[in-house]
Number of protein chains: 2
Amino acid sequence: MTVSKARQTRLETKGWRFGDAHEFVGLSPEESAYIELKLVLSSALKAKRVSRKLTQAQLSRVVKSSQSRVAKMEAGDPTVSIDLLVKSLLALGVSRKELAGYWGRA
Amino acid sequence: MTVSKARQTRLETKGWRFGDAHEFVGLSPEESAYIELKLVLSSALKAKRVSRKLTQAQLSRVVKSSQSRVAKMEAGDPTVSIDLLVKSLLALGVSRKELAGYWGRA
DNA sequence: TGAGTATATGTCATATGTGACATATTATGT
DNA sequence: ACATAATATGTCACATATGACATATACTCA
């Protein structure tokens, strides 16, 4: 998927209530699955941060990033890669089994 | 991890026989886990391609890439992102459950 | 041995991701 | 209401990933 399309998707989704990204219109199953995965990792990251009682600024130091990028990670911003999300979760001490759990979750 | 460090790791690993990336010297557990994850996805991609009896060139058309990049994906080249590996696996019709399986596999 | 096919490796211009910064918006307390 | 902390959003220079291409190496099969 192109960046502009991803951005458009995100814009189109503002205020949209959904439980399953398959409901996004005009997206192939692969595109939906890819977006779903990022959203799952995003919320996992936020959940982990909150459970550790860290601010975004504090977490950004742990993962060697910036507060704004952490905010974008948690928001599922299209400019954030799965790599960064995975690296951040690993930096928070998340195990591979836990990671697998996130992805397997519908 | 920086690119140069990743490249160095790969070079250092040439001809190295290992079953667990934790054995890489000088890498933190997170770095090892990240590399392991990429290697698992790499071999999953290759296995899928072979089981479908596709050449790298054919697969490259399916995932809209190039033969050389497919080769790099399967080789665990440090310039290949998890994003690309995941997108490619999804394009091959791999389910979320299957991905989760790869993800969790030690 | 060769010719044909598949895979690997190197390079490069361009696309995309990143941290950092400024600033806006939203919470939380007093 | 006000101040203060936390989070969100926008932008940008720089870093990294990408597809494409050339070319090298490996693999079949005759």
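Not measured: the values here are computed from a predicted model. Each chain gets a letter, A, B and so on, in the order its sequence line appears, and its residues count up from 1.
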Do any N or O atoms of the protein come closer than 3.5 Å to N or O atoms of nucleotides 19-23 of chain D, and which pairs are they?
| unit_1 | atom_1 | unit_2 | atom_2 | d |
| --- | --- | --- | --- | --- |
| dG19(D) | OP2 | Ser65(B) | OG | 2.7 |
| dG19(D) | N7 | Arg69(B) | NE | 3.1 |
| dA20(D) | OP2 | Ser65(B) | O | 3.0 |
| dA20(D) | N7 | Ser66(B) | OG | 3.4 |
| dA20(D) | N7 | Ser68(B) | OG | 3.4 |
| dC21(D) | N4 | Ser68(B) | OG | 2.5 |

Flag side-chain contact, heavy atom, 4.5 Å: Tyr102(B) against Leu99(B) =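 Sidechains of Leu99(B) and Tyr102(B): in contact.
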Answer yes or no on whether Arg96(B) is positioned over the face of Trp103(A), meaning its NZ or CZ is under 6.0 Å from the six-membered ring centre and within 45° of the axis.
->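 Yes, Arg96(B) lies over the aromatic ring of Trp103(A).
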Counterpart residues, salt bridge (Lys or Arg N to Asp or Glu O under 4.0 Å), relative to Lys48(B) (two or more places apart) |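 By the salt bridge (Lys or Arg N to Asp or Glu O under 4.0 Å) rule, Lys48(B) matches Glu98(B).
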Look only at the side chain of Ser42(A) and the backbone of Met73(A), and say whether a donor-acceptor pair between them is shorter than 3.5 Å.
->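 Yes, Ser42(A) side chain to Met73(A) backbone: donor-acceptor pair under 3.5 Å.
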Do the side chain of Lys38(B) and the main chain of Val80(B) share a donor and acceptor less than 3.5 angstrom apart?
->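 Side chain of Lys38(B) to backbone of Val80(B): a pair is present.
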Closest non-hydrogen atom pair, Ser88(B) against Leu45(B) |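 Ser88(B) and Leu45(B) have their closest heavy atoms at CB-CD1, 4.0 Å.
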For Val94(A) and Leu90(A), work out which heavy atoms get closest and say how close.
->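 Closest approach of Val94(A) to Leu90(A), heavy atoms only: O-CD2, 3.6 Å.
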Looking at five pairs on each end of the helix from dT1(C)-dA30(D) to dT30(C)-dA1(D), what is the angle between the two axes, given to 10 degrees?
->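 End-to-end axis angle for the helix from dT1(C)-dA30(D) to dT30(C)-dA1(D): 60°, rounded to 10°.
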Would you give the length of the straight line joining atom CG of Leu84(B) to atom OG of Ser81(A), rounded to the nearest 0.5 angstrom?
->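 Going from CG on Leu84(B) over to OG on Ser81(A), the span is 12.0 Å.
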Between atom CG in Asp77(B) and atom C1' in dT9(C), what is the gap in whole Å?
->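 Interatomic distance, CG of Asp77(B) to C1' of dT9(C): 9 Å.
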Starting at atom NZ of Lys87(A), determine the distance to atom P of dT16(D), rounded to an integer number of angstrom.
->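 After rounding, the gap between these two atoms is 9 Å.
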Keeping to residues at least two apart or across chains, list the salt bridge (charged side-chain N to carboxylate O under 4.0 Å, His left out) pairs with something in residues 52-76 of chain A.
->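 Every salt bridge (charged side-chain N to carboxylate O under 4.0 Å, His left out) pair that includes a residue of residues 52-76 of chain A, provided the two are not neighbours, is Arg49(A)-Glu74(A).
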Identify whether any heavy atom of Val70(B) sits under 4.0 Å from a base atom; if not, whether one sits that close to sugar-phosphate; answer base, sugar-phosphate or nothing.
->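 Contact class for Val70(B): none.
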First encountered from the 5' end of DNA chain C, between Glu74(B) and Asp83(B) =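 Comparing both residues, the 5'-ward one is Glu74(B).
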Where along residues 47-61 of chain B does a heavy atom come under 4.0 Å from DNA chain D, residue by residue in number order?
->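 Those residues whose heavy atoms fall under 4.0 Å from DNA chain D, taken from residues 47-61 of chain B, amount to none.
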Residues forming a side-chain hydrogen bond (donor to acceptor under 3.5 Å, both in side chains) with Ser68(B), sequence neighbours excluded |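 With neighbours one apart ignored, the set is Ser66(B).
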